[in-house]
Amino acid sequence: MPDRLPDALHEKLSRRLNYYEDIGIRLFYRDRVIARDAEEFERAPVTIPISQEEPLPKISPKPIVPQAPSVAATPSQKVTILPPAPKVSLFDAASKVADDSLLKIREDYGECTRCKLHSTRNKIVFGDGNPKAKLVFVGEGPGRDEDAQGLPFVGRAGKLLTQMIEAMGLQRSDVYICNVVKCRPPENRLPEPDEIKTCSPFLLRQLDVIDPKVIVCLGACSAQTLLETNRGISHFRGQWLDFRGRKLMATYHPAYLLRNPAAKADVWKDLQKVMAVLGLQVKKGKPAGAEKPS
Ligand code: URA
C-alpha cells in the first residue's frame with residue numbers, strides 16, 4: 001500500500017471529508033477504515049441507531065379534531081397530527097386545478113404582482129429540481145443571491161443545503177427545492193402574513209403536482225406555514241408530521257446552521273429519519289457535537 005494517496009484522490013477525499021465534517025459527521029464505521037487505523041477507531045463508538053427515536057411529545061396547545069393519519073405509520077415512524085388549521089385555512093384558496101402541472105402553475109403565476117414583494121424583486125424564484133421528486137425541501141423565501149439568479153438556495157445557506165442533500169446520497173437534481181414566497185422580502189425580512197397568504201396556494205399546487213413522499217420544511221416560517229401553527233419549531237422539529245396526507249419533517253434552516261453549527265447534529269438526525277423513510281442508506285456516522293454541543 002503506498003504511503004500517500006495520489007494527489008487527485010487525496011484532494012477529492014479531503015473535500016468529501018470536510019463536507020461530512022461540515023454537516024456534523026466525523027466518525028465512520030470501522031469496516032470503511034484501513035486496517036492500520038482500526039485500533040484508533042476501536043475505542044470510539046460510532047453509530048446512531050435511527051430506530052431509537054425519542055418518544056413523540058404531545059403537541060396539543062389547542063383542541064385537536066381527531067383525524068387518522070393517511071400515511072402508514074410504523075412504531076418508529078409515527079406521524080403526529082398538529083392542531084388543526086384555523087377556521088379558514090390558508091390553503092382553502094388553493095382550488096384544485098384539473099391536469100395541473102408545474103408548467104401550468106408557473107404560467108398562472110406569471111409576472112406576479114399579487115403582493116407588495118413584486119415591487120422590490122429582481123427575479124421570481126419559482127422552484128427548481130426534479131418535478132417527480134420523492135423529497136421536496138421548502139424554505140422561507142429567496143435571499144439576495146436567489147433573487148439575482150432566479151434559483152432557490154444558491155447562496156451560502158444554499159451551499160450548505162447542497163452538502164446536506166449530497167450527504168444523504170442524493171444530488172440536488174434528485175429533489176425539488178422551493179420556498180414559501182417566491183419573491184425576495186426586502187432586506188431578507190420575514191415574509192409577512194399577507195404575502196404568505198397570497199403565495200401559498202401556488203406552493204400547495206406545486207406540492208400536489210410533485211406529490212413527494214416526504215416534505216422537509218427548512219426553518220420556522222416554512223413549517224409554521226404548512227402546518228398552520230404558531231408554535232415554535234423546536235416543539236415539533238424532528239418529528240414526523242402530517243401535511244395533507246404526506247409526511248412532513250420540520251428541521252432547522254441552513255442559515256440558522258451557519259450561525260449555530262452545533263445544531264447541525266440535530267438536523268443530521270432529522271435527515272437520517274428522512275433517509276430511512278425514502279429507503280436511502282443511512283450513514284453510520286455519529287454527528288459531531290451530539291454529546292458535546294459547543
Ligand atoms: N433561504 C431560503 O429560505 N430560501 C432560499 O431560497 C434561500 C435562502
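Note that ligands are numbered from 1 as they come in the structure, with each ligand's atoms numbered from 1 the same way.
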**Item:** Closest heavy-atom pair and its distance - E140, P191
**Value:** CG-CD, 3.7 Å
**Asked** Just which atoms of ligand 1 are under 4.0 Å from any heavy atom in P152?
**Response** 6 (O)
**Prompt:** Is the distance between the ring centroids of H253 and F137 under 6.0 Å?
**Reply:** no
**Contact partition for E140 relative to ligand 1, non-hydrogen atoms under 4.0 Å** = both
**Prompt:** Hey, does the Lys NZ or Arg CZ of R205 hover above the aromatic six-ring of Y109, less than 6.0 Å from the centre and inside 45° of the axis?
**Reply:** no
**Request:** Around atom 1 (N) of ligand 1, find the nearest protein heavy atom and jot down its residue, atom name and distance.
**Result:** H253 NE2, 3.2 Å
**Message:** Give me the atom names and distance for the closest heavy-atom approach of V180 to S222.
**Reply:** CG2-CA, 3.6 Å
**Asked** Quick check: does G143 get an N/O under 3.5 Å from an N/O on ligand 1?
**Response** no
**Item:** Enumerated ligand 1 atoms positioned under 4.0 Å from heavy atoms of G139
**Value:** 3 (O)
**Request:** Kindly give the heavy-atom pair with the smallest separation between L160 and P254, and that separation in Å.
**Result:** CD2-O, 3.7 Å
**Prompt:** What protein heavy atom sits nearest atom 4 (N) of ligand 1, and how far off is it?
**Reply:** N179 OD1, 2.7 Å
**Fill in**
Looking only at protein heavy atoms, what sits closest to atom 2 (C) of ligand 1 is G141 O, 3.1 Å
**Complete:** Correct closest heavy-atom pair for T251 and R237 would be CA-CG, 3.7 Å
